[in-house]
Amino acid sequence: MVLSAGLLPWRPSDDGPEVFVAHMGGPFWRTKPRAWSIVKGLVEADEDPWVAARREFAEEIGVPAPDGPVVDLGEVRQSSGKRVRVFAVLAPTFDVDVVRSNTVRLELPRGSGRFIDVPEVDDARWFPIAEVREHLVAGQVAALDALLARTSSTDPDHA
C-alpha cells in the first residue's frame, strides 16, 4: 500500500487553532469544493516519514518546512485508499509570501498526446480549523480532530 507523509503547521489563535494547508494545482482541482490538502507526498523506500514530510513541504511550498515542536498525528486514509502519515508542527510565526511549487506533467485531455506542466500546489494559507473542515480533502479531516485532541489539553507553547 502506498504511504505518503504530510506536514501540518499549526498555531494557536484567540478563536482556536489554525492550520496551514495547500490548494492542489491543475485544472482538475480548480472547481472542486474539497481541493485543499495537508502538504504531503510519497515516502520513498526506506525513507523516514518525518524526513519525507519535510522534503515534500519544501518542494510543494517552495520554502523550508517550519521548525517547532512536533506531534505525530498518526495515519489517515483517503477515499483513494492512500495512507497519509501526518505530523503537526507548532509554527506560530511561520508565513509564506509566495508559493513556489514544483510541477507535475499532465496529459490533457487524457489520450490526446498533449501535455502541460502544472504546479502541484497553487496556493497555501492559514485557516481556522472550523473553517477548513469543509474545504479539506474529506479523508484528511480526521487529522484535524487528532490535532485538536492532542493539543487541547496541553499548553500550545509546549505541544
Side-chain angles (χ1 to χ4, degrees), residues 1-44 47-63 65-96 99 101-102 104 106 118-159:
M1 181 61 65
V2 175
L3 177 65
S4 288
L7 188 66
L8 183 63
W10 75 280
R11 65 185 181 194
S13 79
D14 291 341
D15 297 324
E18 296 179 337
V19 292
F20 186 84
V21 295
H23 188 270
M24 293 179 275
F28 177 79
W29 295 105
R30 194 169 293 135
T31 60
K32 299 286 184 198
R34 289 189 170 270
W36 290 83
S37 175
I38 294 167
V39 179
K40 63 175 177 19
L42 293 177
V43 176
E44 303 294 334
E47 185 178 26
D48 178 86
W50 169 241
V51 172
R54 292 182 59 82
R55 173 183 47 78
E56 287 292 332
F57 191 93
E59 289 176 3
E60 294 185 9
I61 303 301
V63 299
D67 292 319
V70 177
V71 176
D72 183 346
L73 300 178
E75 286 185 14
V76 296
R77 188 177 299 267
Q78 297 183 178
S79 60
S80 65
K82 180 187 287 186
R83 296 171 19 233
V84 182
R85 174 95 170 265
V86 181
F87 299 92
V89 61
L90 178 62
T93 61
F94 177 76
D95 214 355
V96 175
V99 173
S101 179
N102 56 340
V104 294
L106 299 177
V118 299
E120 273 196 80
V121 167
D122 60 17
D123 191 8
R125 64 178 86 144
W126 288 100
F127 283 95
I129 284 183
E131 182 182 334
V132 80
R133 283 181 180 281
E134 63 194 57
H135 302 292
L136 196 67
V137 172
Q140 296 177 7
V141 172
L144 301 178
D145 296 332
L147 176 63
L148 288 172
R150 296 287 300 274
T151 60
S152 64
S153 61
T154 63
D155 176 355
D157 293 327
H158 300 93

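Values reported hereafter were calculated over all heavy atoms of this structure, with side chains retained and with hydrogens, waters and symmetry mates removed. Not measured: the values here are computed from a predicted model.
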Member of Val51, Leu3, Val84 meeting the side chain to side chain contact (heavy atoms under 4.5 Å, CB included) criterion with Val43: Leu3

message: What I'd like to find out is whether the side chain of Leu144 reaches to under 4.5 Å of the side chain of Pro17, using heavy atoms alone.
response: no

message: Once side-chain hydrogen bond (donor to acceptor under 3.5 Å, both in side chains) is applied, do any residues pair with Glu59, and if so which ones, sequence neighbours excluded?
response: none

task: Check salt bridge (Lys or Arg N to Asp or Glu O under 4.0 Å) between Glu44 and all other residues, then give those that pass, not counting sequence neighbours.
output: none

statement: All heavy atoms of Ala52 vs all of Ala5, minimum pair found to be CB-CB, 4.1 Å

Summary of salt bridge (charged side-chain N to carboxylate O under 4.0 Å, His left out) pairs that have at least one residue in residues 125-147, sequence neighbours excluded: Asp123-Arg125, Arg133-Asp145

- prompt: Does Arg54 have any side-chain contact (heavy atoms from CB on, under 4.5 Å) partners at least two apart in sequence or in another chain, and if so, which?
  reply: Trp50, Ala65, Asp67

message: Can you list everything that forms a side-chain contact (heavy atoms from CB on, under 4.5 Å) with Val63? Sequence neighbours excluded, please.
response: Phe57, Ile61, Phe94, Val96

- request: Please name all residues satisfying side-chain contact (heavy atoms from CB on, under 4.5 Å) with Arg30, sequence neighbours left out, ordered by chain then number.
  value: Pro27

Qualifying residues under side-chain hydrogen bond (donor to acceptor under 3.5 Å, both in side chains), relative to Asp95, sequence neighbours excluded: none

field: Polar side-chain atom of Gln140 near backbone of Ile38 as donor-acceptor pair, under 3.5 Å
entry: yes

Selection residues 17-28 - residue pairs positive for side-chain hydrogen bond (donor to acceptor under 3.5 Å, both in side chains), sequence neighbours left out: Arg11-Glu18, His23-Asp122

- prompt: Considering residues at least two apart in sequence or located in another chain, which fulfil the side-chain hydrogen bond (donor to acceptor under 3.5 Å, both in side chains) criterion with Arg34?
  reply: none

- line: Heavy-atom closest pair (Phe20 atom, Ala124 atom, distance to 0.1 Å) is CZ-CB, 3.5 Å

statement: Rounded to the nearest 0.5 angstrom, the CD-NZ distance for Gln78 and Lys40 is 5.0 Å

Asp72/Arg85 ion pair, N-O < 4.0 Å: yes

message: Quick one, Ser37 and Val121 - any side-chain contact, counting heavy atoms below 4.5 Å?
response: no

query: Taking only residues two or more places apart in sequence or in another chain, which ones pass side-chain contact (heavy atoms from CB on, under 4.5 Å) with Ala88?
result: Trp10, Val71, Leu73, Leu147

query: Hey, are the side chains of Glu60 and Asn102 touching, using non-hydrogen atoms and a 4.5 Å cut-off?
result: yes

- request: Name all residues meeting the ring pair (Phe, Tyr, Trp, His ring centres under 6.0 Å) criterion together with Phe127; count only those two or more places apart in sequence or in a different chain, and write none if there are none.
  value: Trp36

message: Could you report the tightest heavy-atom contact between Leu7 and Pro66, atom names first, then the distance?
response: CD2-CD, 4.0 Å

- line: In this structure, CD of Glu120 is separated from CE of Met24 (nearest 0.5 Å) by 10.5 Å

statement: Taken in chain and number order and not counting sequence neighbours, the residues that satisfy salt bridge (Lys or Arg N to Asp or Glu O under 4.0 Å) with Asp48 are none

